[in-house]
Amino acid sequence: MALHKTRIASFIGMALLAVSGTCTTATAGTDARPWMNRRLSPDQRAELVLKAMTQDEKFRLIRVDFGDTENGHVMAPGALGSAGYGPAIARLGLPAIQESDAGLGVAKPHKLGATALPSGLATAASFDPAIAYAGGVMIGGEAHRRGFNVMLAGGADLVRDPRNGRNFEYAGEDPLLAGLTVGNAIAGIQSQHLVSTIKHYALNDLETDRTTLSANIDRAAARESDLLAFEIAIATGHPGSVMCSYNRVNSVYACENDWLLDQVLKRDWHYPGFVMSDWGAVHSAAKSALAGLDQESAGETFDKEVYFDQPLRAAVASGEVPQSRIDDMARRILRSMFAAGVIDHPAKQAPIDFAADRKVAQRAEEAGAVLLRNRDALLPLSAMQSVAVIGGHADKGVLTGGGSSAVQSPQGNAVPGLAPTAWPGPRIYQPSAPLAAIERRAHGKVGYASGDDIAAAAKLAAQAKVAVVFVEQWAAESFDAPHLALPGHQDALVEAVAKANPHTIVVLENNGPVAMPWLDRVEAVLEAWYPGAAGGEAIARLLYGETDPSGRLPVTWPRDESQLPRPSIPGAGLAAIGLPPQGQPAQDVDYDIEGADVGYRWYQRKHLRPLFPFGYGLTYTHFDYSGFRPQVENGKVTASFTVTNRGSRAGVDVPQLYVTLPGSGEVRRLAGWCRVDLKPGQSVQLVATADPRLLANFDGRSQRWQQPAGGYRLQLGHSATSFEGEGQVTLAAASWAANASPAGVPQPCVAGGAR
Ligand code: BGC
């Protein structure tokens with residue numbers, strides 16, 4: 001939109017599902033409102049309400065207004081100052097719809113503040129569905145206590161390009177990892193009696209000219225990549241709503257794309273919830289309605305007109321859209337409200353335990369920060385060392401990504417006034433200063449230099465035993481980075497500090513992979529992503545070894561742009577932050593270049609060696625694998641193996657199971673993993689199960705998933721490129737229809753026993 005509002009082990013198989021509020025005791029007064037009977041199913045209850053609804057009430061339910069005051073919009077009296085508002089239908093006992101962004105916390109109203117989770121990429125990097133679920137519970141709980149009952153969360157678009165401005169809202173490049181991470185986050189949110197969305201459906205993988213760009217891709221390849229992530233996340237978390245995206249897919253706008261909405265989502269995946277539009281993503285009444293859009297969001301503010309009022313009424317009157325379709329829209333919305341408990345457990349203002357919630361955010365950051373380099377075991381730091389802390393506003397706080405998902409702390413913005421102050425800003429910092437957290441731990445002298453003056457920073461670094469340089473890259477919805485370089489003079493700053501002090505550590509606060517021309521000259525690098533509400537504390541705990549770094553990269557880290565499927569993004573950039581766009585934005589992006597081989601699979605296919613592979617991350621100890629034994633049991637592919645902690649410290653390992661299908665060359669897929677916490681010398685036996693969805697290819701002609709007959713190579717990886725354990729199993733051919741995918745949550749890892 002052009003206009004915008006300003007352990008022993010925690011296992012992947014933990015099916016932390018929580019759709020609530022469906023079945024307790026009957027409520028008094030159900031005679032007049034039989035749908036309030038909690039013994040009935042969400043479908044039955046929705047049907048009963050629908051029967052009692054007038055046409056006007058249905059039409060009121062299928063559109064939601066903007067809930068804020070920007071762009072000249074006059075806020076409705078009951079709205080809370082957030083993304084969306086639909087008035088209550090008191091006659092029927094239906095509460096107002098109160099919608100809040102987004103997946104990293106309650107984004108609005110800014111002035112009230114909320115607890116920010118670290119980036120979605122940090123949560124994905126934990127490879128821990130329990131961390132994702134806990135984050136969902138936390139942000140859903142805060143949203144409910146602010147009076148919201150719909151959370152616009154669940155960013156599941158795959159990272160196809162490290163320069164995409166919204167990568168920090170998403171869960172990486174792998175469909176299984178993204179699907180399970182996002183699905184569990186959604187389940188967590190919905191456990192708090194809110195409807196969560198999953199978004200942005202689909203292939204909203206770039207922000208440049210996102211409202212018109214067509215993402216072009218072979219349909220079968222889409223099913224095996226971006227759509228598979230959504231399919232797994234929906235099967236895992238049962239989001240009440242799917243948000244269709246701004247972009248076009250194969251030339252047709254996502255919110256009027258019959259293939260995406262009606263055929264794939266509603267028919268093949270049997271999705272019972274409702275499709276809501278992104279803000280400004282609707283371009284038609286009848287076409288959208290017939291394709292499967294169920295609710296128009298803030299059309300009066302962001303669309304050319306409110307399509308789901310007069311124009312749609314006219315289409316019904318003329319017979320172009322059947323009445324049954326209007327009923328289906330309303331029924332789906334009502335069903336999701338009942339299923340999530342929105343009606344039985346109305347959201348209302350209540351106190352929030354911010355201290356407890358900060359701990360949830362801190363744990364997510366500690367589980368998801370990735371140690372990329374640690375030469376000569378410089379880390380963990382010793383309290384006795386003197387430290388020069390440099391750059392990144394580390395004296396004030398940690399950076400947050402921008403756009404509609406940006407969360408401000410209840411204590412306010414730690415560094416106000418930095419560009420851009422208007423959309424897609426403001427640029428927000430969480431008041432969790434790494435400097436203070438380091439000072440609390442270091443007995444030696446701690447100094448700080450802002451880094452604005454490179455010579456002064458180098459001088460400070462020269463006087464200390466170690467130097468910790470914080471570098472940052474702000475990203476936000478609505479623009480992509482034109483290249484991978486860190487903004488401003490930060491590369492020169494790192495070079496100068498590293499020259500002055502051989503023991504230099506770089507901490508990255510960024511959207512994702514960036515160029516690191518100085519990599520060989522620094523001793524350690526910690527990828528902290530956008531670190532969230534307690535980021536400073538989490539970073540210090542990791543640097544000082546109070547907790548072991550345990551994140552693994554959910555994205556491949558390229559050496560440079562030439563390794564990417566599309567080396568440049570014409571028109572990418574944002575002048576307000578010194579990145580003026582170059583060239584005309586494309587109206588079509590060709591995703592058939594890599595097709596389903598997103599991220600690490602592209603590197604394998606092209607025999608490219610990335611800077612850091614998917615799945616990579618160091619710890620303060622080391623692990624080895626033994627006894628790798630793949631087998632087929634009742635048609636299921638499993639592999640048992642033993643992981644041993646060979647170091648002298650406790651630590652977390654993430655052994656990863658990759659599979660290469662017959663006839664697919666070198667391209668392997670992540671089929672399962674475990675996350676295991678081991679004491680020094682401890683071993684554990686694990687059994688990984690490859691999800692059948694990863695053992696098949698989608699055949700566009702027959703519209704079936706086909707599992708080819710032949711030998712399947714299985715490898716046990718420390719990452720997508722480093723293996724310790726390999727074997728093969730033979731499978732017979734199998735296939736299932738597009739609408740008969742395996743149901744339920746993938747269960748790729750179970751514990752054997754600890755020794
Ligand atoms: C974003 C959505 C968001 C919506 C409402 C749009 O600009 O793309 O992710 O939920 O605004 O704020």
Side-chain angles (χ1 to χ4, degrees), residues 1-6 63-71 73 75 79-86 97-110 114 119-120 139 143 148-157 164-171 182 185-186 189 194-213 215 230 239-248 253-255 274-282 293 295-303 401-408 422-426 475-480 574:
M1 110 190 95
L3 277 178
H4 202 291
K5 12 182 221 199
T6 35
R63 66 183 172 87
V64 159
D65 304 330
F66 192 36
D68 211 342
T69 49
E70 295 143 55
N71 292 352
H73 180 76
M75 207 167 111
L80 297 175
S82 192
Y85 169 74
I97 293 176
Q98 301 281 7
E99 297 178 337
S100 168
D101 282 303
L104 307 177
V106 186
K108 292 269 192 74
H110 271 164
S119 295
I139 65 173
F148 293 107
N149 52 21
V150 178
M151 204 159 195
L152 309 173
D157 296 280
N164 170 19
R166 295 191 94 165
N167 284 341
F168 69 93
E169 295 186 53
Y170 299 144
V182 174
I186 288 167
I189 292 170
L194 292 92
V195 165
S196 175
T197 59
I198 185 168
K199 69 187 190 184
H200 307 89
Y201 186 71
L203 290 138
N204 189 176
D205 298 341
L206 285 174
E207 290 294 292
T208 306
D209 252 24
R210 62 179 175 168
T211 53
T212 50
L213 181 76
F230 276 87
S241 184
V242 171
M243 187 191 292
C244 53
S245 53
Y246 287 124
N247 54 292
R248 293 177 293 146
Y253 278 112
C255 291
F274 67 102
V275 176
M276 74 163 74
S277 69
D278 201 341
W279 275 231
V282 187
L293 178 67
Q295 191 181 61
E296 181 180 13
S297 308
E300 80 299 332
T301 307
F302 298 108
D303 292 331
S404 58
S405 71
V407 178
Q408 180 164 296
W423 177 259
E477 130 179 33
S478 82
F479 75 98
D480 302 310
L574 182 70

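Please read these numbers as outputs of a predicted model, since none were measured by experiment. In each ligand, atom 1 is the first atom listed, and ligand 1 is the first ligand listed.
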Problem set entry | Those atoms of ligand 1 less than 4.0 Å from some heavy atom in Ala83 | 5 (C), 12 (O)
Exercise. N/O to N/O below 3.5 Å, does that happen between Glu477 and ligand 1?
Worked result: yes
For this session: Pull out every atom of ligand 1 sitting under 4.0 Å from any heavy atom of Leu152, numbered as shown with elements.
Result: 10 (O)
For this session: Run the numbers for me: atoms of ligand 1, each under 4.0 Å from some heavy atom of Lys199, listed by number.
Result: 2 (C), 3 (C), 9 (O), 10 (O)
Exercise. Any idea which atoms of ligand 1 are less than 4.0 Å away from a heavy-atom of Arg166?
Worked result: 1 (C), 2 (C), 8 (O), 9 (O)
For this session: Determine, stepwise, if the pair Asp68 / Lys108 fulfils salt bridge (charged side-chain N to carboxylate O under 4.0 Å, His left out).
Result: CA-CA 9 Å; Asp68 211 342; Lys108 292 269 192 74; 3.1 Å; yes
Problem set entry | Polar side-chain atom of Thr197 near backbone of Val242 as donor-acceptor pair, under 3.5 Å | no
Problem set entry | Per-atom contacts, ligand 1 versus Met243 - under 4.0 Å to a heavy atom | 10 (O)
Exercise. Do any N or O atoms from the side chain of Asp303 and from the backbone of Val282 form a donor-acceptor pair under 3.5 angstrom?
Worked result: yes
Problem set entry | Polar contact flag for Trp279 and ligand 1 (N/O pairs, less than 3.5 Å) | no
Exercise. Does Asp101 reach the main-chain N or O of Val407 with its side chain, forming a donor-acceptor pair under 3.5 Å?
Worked result: no
For this session: Would you please say whether a donor-acceptor pair under 3.5 Å links the side chains of Ser405 and Glu477?
Result: no
Exercise. Atoms of ligand 1 less than 4.0 Å from Arg210 heavy atoms?
Worked result: 7 (O), 8 (O)
For this session: Compare all side-chain heavy atoms of Cys244 with those of Leu293 and state whether any distance is below 4.5 angstrom.
Result: yes
Exercise. How about His200 and Arg166: does a side-chain donor come under 3.5 Å of a side-chain acceptor?
Worked result: yes
Seminar exercise, completed: Going by the 4.0 angstrom heavy-atom rule, the piece of Met276 near ligand 1 is neither
